[in-house]
Amino acid sequence: MALRQILNDNHPVLLKPAQEVIKINRGVLRLLDDMNETMRDANGVGLAANQVGVSKRIIIVSSGEETVIELINPYCAQTEGEEVGVEGCLSLPGQYGEVSRAEKVKVKALNREGRDVYLEAEGLLARILQHEMDHLEGTLFTDKALRMVDPEELQSEEKSEEKT
Ligand code: ZN
């Protein structure tokens, strides 16, 4: 495994839709391993492949404890409700904003074995999934933020430290 550099400053690969994964080959598996290590090193809770410069439809999200969920070609099959919350992003250090997201999502994807996975999530996990799938469309949270939030304002809000 190796650490990869997380791109920021609106690098072009972050601003365009990522390519569907056709074949889960060794390169894809190595990328997944590297993304795990890179996200852990950055204390992030989610990471999309194009954040490390690879334009492929792959995301990983931390589901709370030690578990990391790896999703290849993920898409949102269903959404429910709406919730506004503060988000940050590993690619936009020091920036935070309030974003409206679906409260619950159902996501379909492939796992690293190429098997179908079907994931239901709500709350913070649902938010992270939507944030990461947006990355795959070339969309950053700042494109959708209802308003940006001053980092000092966040001291009182706990969720704010999460970076995706
Ligand atoms: Zn992000």
Side-chain angles (χ1 to χ4, degrees), residues 1-8 14 18-93 95-97 99-137 139-141 144 154 157-164:
M1 287 203 280
L3 280 180
R4 302 217 184 184
Q5 193 194 346
I6 297 174
L7 302 176
N8 54 28
L14 280 174
Q19 303 287 310
E20 180 134 349
V21 175
I22 307 296
K23 192 166 191 283
I24 302 171
N25 55 22
R26 290 167 74 101
V28 168
L29 298 179
R30 195 177 313 124
L31 173 64
L32 279 167
D33 291 341
D34 290 354
M35 285 172 67
N36 272 278
E37 190 177 346
T38 304
M39 182 175 81
R40 198 174 304 120
D41 180 71
N43 289 316
V45 291
L47 190 67
N50 49 354
Q51 287 184 278
V52 294
V54 180
S55 186
K56 287 189 190 301
R57 302 186 79 83
I58 299 174
I59 62 172
I60 62 172
V61 296
S62 165
S63 64
E65 304 91 47
E66 290 288 284
T67 331
V68 171
I69 302 167
E70 302 174 335
L71 300 171
I72 298 168
N73 298 337
Y75 67 94
C76 206
Q78 209 181 313
T79 63
E80 198 185 310
E82 197 186 323
E83 205 170 53
V84 174
V86 175
E87 295 182 18
C89 180
L90 291 172
S91 294
L92 300 165
Q95 295 189 48
Y96 300 92
V99 184
S100 175
R101 301 283 187 190
E103 192 185 348
K104 296 182 184 174
V105 292
K106 293 183 180 175
V107 173
K108 290 185 176 178
L110 298 174
N111 65 13
R112 62 160 66 211
E113 280 89 39
R115 296 203 182 90
D116 290 325
V117 289
Y118 184 64
L119 182 66
E120 289 189 36
E122 58 180 67
L124 181 60
L125 183 58
R127 175 170 298 277
I128 300 167
L129 284 163
Q130 291 169 84
H131 177 114
E132 299 312 326
M133 287 189 285
D134 268 1
H135 273 302
L136 300 182
E137 301 305 327
T139 302
L140 300 172
F141 85 85
K144 302 190 155 176
L154 297 177
E157 295 181 53
E158 279 185 35
K159 272 191 208 168
S160 60
E161 298 302 317
E162 314 280 6
K163 294 201 200 78
T164 51

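Computed over heavy atoms, backbone and side chain alike; hydrogens, waters and symmetry mates excluded. Every value quoted in this text rests on a predicted model; they were computed, and no experiment measured them. Counting from 1, the numbers follow the sequence of the chain as shown.
Contact detail for Phe141 and Tyr96: the closest heavy-atom pair is CE1-C, 3.8 Å. Closest of all the heavy-atom pairs between Ser55 and Asn50 is CA-CB, 4.4 Å. Taking each heavy atom of Thr38 and Ala2 in turn, the nearest pair found is OG1-O, 4.0 Å. Contact detail for Ala121 and Ala126: the closest heavy-atom pair is O-CB, 3.7 Å. Here the closest non-hydrogen pair linking Gln51 and Cys89 is NE2-SG, 3.7 Å. Residues Leu90 and Pro93 approach most closely at O-CD, 4.0 Å, considering heavy atoms.
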In sequence, state the C-alpha distance, the side-chain angles, and the governing distance for Ser91 and Leu14, and then conclude on side chain to side chain contact (heavy atoms under 4.5 Å, CB included). CA-CA 9 Å; Ser91 294; Leu14 280 174; 3.9 Å; yes
Verdict with supporting geometry, Met35 and Ile58, side chain to side chain contact (heavy atoms under 4.5 Å, CB included): CA-CA 10 Å; Met35 285 172 67; Ile58 299 174; 4.0 Å; yes
Please assess Leu47 against His135 for the test side chain to side chain contact (heavy atoms under 4.5 Å, CB included), listing each intermediate value before the final yes or no. CA-CA 9 Å; Leu47 190 67; His135 273 302; over 6 Å; no
Report the C-alpha distance between Leu125 and Val61 in whole Å, list the side-chain angles of each, state the deciding distance to 0.1 Å, and finish with yes or no for side chain to side chain contact (heavy atoms under 4.5 Å, CB included). CA-CA 8 Å; Leu125 183 58; Val61 296; 4.0 Å; yes
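Side-chain atoms of Met133 and Val107, non-hydrogen and from C-beta on, do get closer than 4.5 Å to each other. Residues Ile24 and Leu29 have side chains in contact (heavy-atom distance under 4.5 Å, counting atoms from C-beta outward). Annotation: side chain of Pro74 is not in contact with side chain of Val117 (no heavy-atom distance under 4.5 Å). Annotation: side chain of Asp116 is in contact with side chain of Leu110 (closest heavy-atom distance under 4.5 Å). With contacts defined as side-chain heavy-atom distances shorter than 4.5 Å, the pair Gln78/Val105 does not qualify. Looking at heavy atoms from C-beta onward, Leu71 lies out of side-chain contact with Ile60 at the 4.5 angstrom threshold. By the 4.5 Å heavy-atom criterion applied to side chains, Arg112 and Asp33 are counted as neighbours. For the pair Ile59 and Ile72, the minimum side-chain heavy-atom distance is 4.5 Å or more.
With rounding to the nearest 0.5 angstrom, the CG atom of Asn25 is 8.5 Å from the CZ atom of Arg30. Atoms NE2 and OG1, from His131 and Thr139 in turn, are 10.5 Å apart once rounded to the nearest 0.5 Å. To the nearest 0.5 Å, the span separating OG on Ser100 from CD on Glu83 amounts to 9.0 Å. Taking CD of Glu132 as the start and CD of Glu137 as the end, the distance is 13.0 Å to the nearest 0.5 Å. Between Asp34 atom CG and Asp41 atom CG the span is 12.0 Å, to the nearest 0.5 Å.
Checked options Lys108, Lys56, Glu20; the residue passing with Asn73 is Glu20 (criterion: side-chain contact (heavy atoms from CB on, under 4.5 Å)). Considering Glu82, Glu122, Glu87 as possible partners of Arg127, the one that fulfils the salt bridge (charged side-chain N to carboxylate O under 4.0 Å, His left out) test is Glu87.
Judged by distance alone, the side chain of Arg57 and the main-chain N or O of Ala18 form a donor-acceptor pair under 3.5 Å.
The environment of Gln5 atom CD is sparse: at most 12 non-hydrogen atoms of other residues, nucleotides or ligands sit within 6.0 angstrom. Within a 6.0 Å sphere centred on CD of Glu37, heavy atoms belonging to other residues, nucleotides or ligands number more than 12.
Donor-acceptor pairing under 3.5 Å is recorded for the side chains of Asn36 and Glu70.
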